[in-house]
K.L.:
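Let me begin by handing over the structure; questions about it come next.
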Amino acid sequence: QVQLVESGGGLVQAGDSLRLSCAASGRTFSRYAMGWFRQAPGKKREFVARITWSGGMTAYAASVKGRFTISRDNANNTLYLQMNSLKPEDTAIYYCAADSGSYYTTEEDFYDYWGQGTRVTVSS
């Protein structure tokens, strides 16, 4: 079992940067692929980024590619999302999720564990 706790959200202006963190409990974090998802007001939750258990492969949604970077520190059981050049359309609640099967997928149904989310608001 893995428990996930996100932090680092807040209110920023367009063009600013934020780094989200996701602290994981349990000894199995390093074996799981991980992902970030987000849910904007009135919209469905959507995939943002994913990373393999080793950190050797990453992938991004087209809307964030080139601006966001996903990374992980397995020694400290932490997942990160560096967000640069933020836009108002990035406003959402951001969730980290663990994929115990390491499917390395964009499909949220394959993610077994979810954090409670951290809110990011980008003003224009």
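This chain uses plain numbering: 1 for the first residue, then up along the sequence.
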K.L.:
Rounded to the nearest 0.5 Å, how far apart are CZ of Phe29 and OG of Ser100?
P.N.:
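One finds 13.5 Å between CZ of Phe29 and OG of Ser100.
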K.L.:
Within this structure, what is the OG1-CD distance for the pair Thr91 and Gln39, rounded to the nearest 0.5 Å?
P.N.:
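That separation rounds to 13.5 Å.
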K.L.:
Check residues 15-22 and write down every donor-acceptor pair under 3.5 Å in which the side-chain atom is one partner and the other belongs to a residue at least two apart or another chain.
P.N.:
| unit_1 | atom_1 | unit_2 | atom_2 | d |
| --- | --- | --- | --- | --- |
| Asp16 | OD2 | Gln13 | N | 3.1 |
| Ser17 | OG | Asn84 | OD1 | 2.9 |

K.L.:
Show the nearest heavy-atom pair for residues Leu79 and Cys96, with the distance to one decimal.
P.N.:
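Looking at all heavy atoms of both residues, the shortest contact is CD2-CB, 3.9 Å.
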K.L.:
Provide the full list of salt bridge (charged side-chain N to carboxylate O under 4.0 Å, His left out) pairs with a residue in residues 105-124, sequence neighbours left out, each pair given once.
P.N.:
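Listed once each, the pairs are Arg45-Glu108.
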K.L.:
Considering residues at least two apart in sequence or located in another chain, which fulfil the side-chain contact (heavy atoms from CB on, under 4.5 Å) criterion with Ser54?
P.N.:
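Checked Ser54 against side-chain contact (heavy atoms from CB on, under 4.5 Å); matches are Thr52.
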K.L.:
Return the set of residues passing side chain to side chain donor-acceptor pair (under 3.5 Å) with Tyr32 (not counting sequence neighbours), or none when no residue passes.
P.N.:
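Per chain and number, Tyr32 pairs via side chain to side chain donor-acceptor pair (under 3.5 Å) with Thr28.
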K.L.:
Would you please name every residue forming a side chain to side chain donor-acceptor pair (under 3.5 Å) with Arg50, sequence neighbours left out?
P.N.:
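Listed in chain order: nothing, the list is empty.
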K.L.:
Sequence neighbours left out, what passes side chain to side chain donor-acceptor pair (under 3.5 Å) with Asn76? Give chain and number order.
P.N.:
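Result, side chain to side chain donor-acceptor pair (under 3.5 Å) vs Asn76: Asp73.
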K.L.:
Under the side-chain contact (heavy atoms from CB on, under 4.5 Å) test, which residues partner Thr58, sequence neighbours left out?
P.N.:
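Result, side-chain contact (heavy atoms from CB on, under 4.5 Å) vs Thr58: Ile51, Tyr60, Ile70.
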K.L.:
By the ring pair (Phe, Tyr, Trp, His ring centres under 6.0 Å) test, which pairs, at least two apart or in different chains, include something from residues 86-113?
P.N.:
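Non-adjacent pairs meeting ring pair (Phe, Tyr, Trp, His ring centres under 6.0 Å): Phe37-Tyr111, Tyr103-Phe110.
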K.L.:
Looking at residues at least two apart in the chain, or sitting in another chain, which of them share a side-chain contact (heavy atoms from CB on, under 4.5 Å) with Glu46?
P.N.:
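Testing Glu46 for side-chain contact (heavy atoms from CB on, under 4.5 Å), a comparison that skips the adjacent residues, returns Arg38.
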K.L.:
Tell me every residue that passes side-chain contact (heavy atoms from CB on, under 4.5 Å) with Ser85, counting only those two or more places apart in sequence or in another chain.
P.N.:
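Listed in chain order: Arg67.
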